[in-house]
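Following: one structure in structure tokens, then a few remarks.
Please read these numbers as outputs of a predicted model, since none were measured by experiment.
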Amino acid sequence: MIAKRLLTAAALAAGLMLLSACQETIDDIAAGADAPLPAKLVQDIKAKGMGVNAPILVRLYKEESELEVWKQKTDGTYGLLKTYSICAWSGRLGPKEKEGDRQAPEGFYTITPGLMNPNSQYHLAINTGYPNAYDRANGGTGANLMVHGSCNSSGCYAMDDVQMGEIFGLARYAFKGGQRAFQFQAFPFRMTPKNMARHRKSDHYAFWKMLKQGSDRFELTHKPVETGVCERRYVFDPQLEDGQRLSPFGPCPTAEEPVEVAAKRIADEAEEERLVAAMEPTEFVTQASYTYKTGTPISAEAYAAEQHRREGYDRLGKRISGTRRPTTFESLLK
């Protein structure tokens, strides 16, 4: 009997410790933009040879619903720090083109401190910087396309509030460490030969082939990719003469493709062609058929069709009751 009481007391003590840790997380969420990074995340940063205030880079993949935060290591390259499951994104695969199309942007964007919003109605938010020079050159319209909390999206990338607190905090610490801007790379999917083959019949295939050039460069160097826009298209790592500047509508400079980039491109294209030749018609991804008219209220059915939301959240971005697993402490009390 005494042993059972001792065991119960120990279990309750452990439960209270867990509750304290949980309360710390809740307090951190309440602290919002000024919350410190979680101790576990700081440990991971140090274990991977990174500094808490070291620069960051963000990569995002719609189809996989994943957002990656990369952080600079002591050797100057960037390493993958953490992968977050996106809570919700709206629309279809493909770039945002006009105000009201409810598309989330794809491309290469630059995030400055001025694009950080600590007072967002969606907990915290980081403006992607859409439209950039490429978007504007191709007639892209719209504004305030964010990565934000609340798990509810209308053209943005929504995370849950705990995730958003970490991502916002990582950006804040990087800016504190002296980073003036970080790169945000948004892709429709991981740019593998298999995925390129699956999406071969998309209207956006040429656009995605262009994005892959930038993706390949990062994967080879693990460093931010210098981007420019000319002839209404992206160019990567452009070699400019002194005083030369790119114009979104002007001619692109002559550039030689780095040997390693060319080798990867040739190998990937060959693999893609091999896959396409062996694929059945049903293996190619078909495009969604729904469309929106700017200014027209979206129906509940259309809203449900366009959302790519993590299970367990409703259309208002709230957790659905009954989906939460009991905590260890709650289990002890059963």
Side-chain angles (χ1 to χ4, degrees), residues 57-62 91-115 126-147 155-157 180-189 191 196 199-221 223-258 261-262 264-266 268-269 287 291-295:
L57 179 144
V58 173
R59 308 188 91 202
L60 181 149
Y61 308 94
K62 281 183 177 178
R92 297 171 285 185
L93 298 184
K96 182 173 183 63
E97 297 176 337
K98 61 183 179 180
E99 179 76 34
D101 64 6
R102 303 178 71 85
Q103 284 288 105
E106 295 175 7
F108 291 77
Y109 297 88
T110 301
I111 311 297
T112 61
L115 295 178
I126 301 175
N127 194 317
T128 62
Y130 176 93
N132 62 16
Y134 171 87
D135 301 319
R136 292 192 298 271
N138 288 275
T141 58
N144 301 319
L145 280 300
M146 308 279 184
V147 178
C156 297
Y157 294 107
R180 295 184 177 182
F182 67 86
Q183 191 167 75
F184 177 80
Q185 304 176 3
F187 301 108
F189 40 74
M191 311 302 278
M196 294 301 293
H199 292 279
R200 171 68 73 89
K201 297 183 179 181
S202 171
D203 293 341
H204 304 299
Y205 179 78
F207 172 71
W208 294 336
K209 285 274 287 187
M210 178 176 58
L211 294 189
K212 188 176 185 301
Q213 296 176 31
S215 177
D216 286 351
R217 281 167 165 77
F218 177 81
E219 291 179 4
L220 288 168
T221 66
K223 292 183 178 180
V225 182
E226 185 179 347
T227 65
V229 180
C230 51
E231 298 176 3
R232 298 173 57 199
R233 62 182 174 88
Y234 281 112
V235 288
F236 302 100
D237 298 327
Q239 301 299 312
L240 304 179
E241 298 179 0
D242 291 342
Q244 183 181 10
R245 291 186 177 182
L246 293 179
S247 168
F249 298 97
C252 291
T254 302
E256 291 187 7
E257 189 177 30
V261 174
K264 177 172 174 50
R265 176 181 57 78
I266 293 170
D268 284 357
E269 288 178 350
Q287 299 184 67
T291 57
Y292 306 108
K293 294 181 180 179
T294 303

Please tell me if the side chains of [X] and [Y] come closer than 4.5 Å, counting only heavy atoms from C-beta onward.
| X | Y | value |
| --- | --- | --- |
| L211 | M191 | yes |
| V261 | R217 | yes |
| P248 | R232 | no |
| C252 | P238 | no |
| K62 | F189 | no |
| W208 | L93 | yes |
| V229 | L246 | no |
| D268 | D216 | yes |

Atom pair [atom1] ([X]) and [atom2] ([Y]), whose distance is rounded to the nearest 0.5 Å:
| X | Y | atom1 | atom2 | result |
| --- | --- | --- | --- | --- |
| D203 | K201 | CG | NZ | 12.5 Å |
| N144 | E99 | CG | CD | 8.5 Å |
| S247 | E231 | OG | CD | 10.0 Å |
| C156 | Q103 | SG | CD | 12.0 Å |
| T128 | K96 | OG1 | NZ | 9.5 Å |
| N127 | I111 | CG | CD1 | 7.0 Å |

Flag, side chain of [X] to backbone of [Y], donor-acceptor distance under 3.5 Å:
| X | Y | result |
| --- | --- | --- |
| Y130 | T141 | yes |
| Q239 | D237 | yes |
| Q183 | V225 | yes |
| N138 | G140 | no |
| R59 | Q185 | no |

Exercise for review: Using the side chain to side chain contact (heavy atoms under 4.5 Å, CB included) rule, take H204 and E106 through it: C-alpha gap first, then chi angles, then the decisive distance, then the call.
Suggested key: CA-CA 11 Å; H204 304 299; E106 295 175 7; over 6 Å; no
Exercise for review: Fit a plane to each ring of F236 and Y234, take the angle between them on a 0 to 90° scale, and name the class: parallel (under 30°), tilted (30 to 60°) or perpendicular (over 60°).
Suggested key: parallel
Check your understanding: Got a sec: does the NZ of K223 have more than 12 other heavy atoms crowding it under 6.0 Å?
Key -> no
Check your understanding: Has Q244 got more than 12 heavy atoms of other residues, nucleotides or ligands less than 6.0 Å from its CD?
Key -> yes
Check your understanding: Of L57, L60, T110, which is the lone residue that meets side-chain contact (heavy atoms from CB on, under 4.5 Å) with F184?
Key ->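 Result for side-chain contact (heavy atoms from CB on, under 4.5 Å) with F184: L60.
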Check your understanding: Between K212 and E269, is the closest basic N to carboxylate O distance under 4.0 Å?
Key ->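 Here E269 does not pair with K212 in a salt bridge, since their nearest N and O are not under 4.0 Å apart.
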Practice item. Taking the six-membered ring for Trp and the single ring otherwise, decide whether the centroids of F182 and Y109 are under 6.0 Å apart. Key: no
Practice item. Take L240 and R245 through the test side chain to side chain contact (heavy atoms under 4.5 Å, CB included) and record every step on the way to the result. Key: CA-CA 7 Å; L240 304 179; R245 291 186 177 182; 5.9 Å; no
Might you point out which heavy atoms bring [X] and [Y] nearest each other, and give the distance in Å?
| X | Y | result |
| --- | --- | --- |
| G142 | P131 | O-CD, 3.3 Å |
| A186 | P105 | CB-O, 3.5 Å |
| L145 | G155 | CD1-O, 2.6 Å |

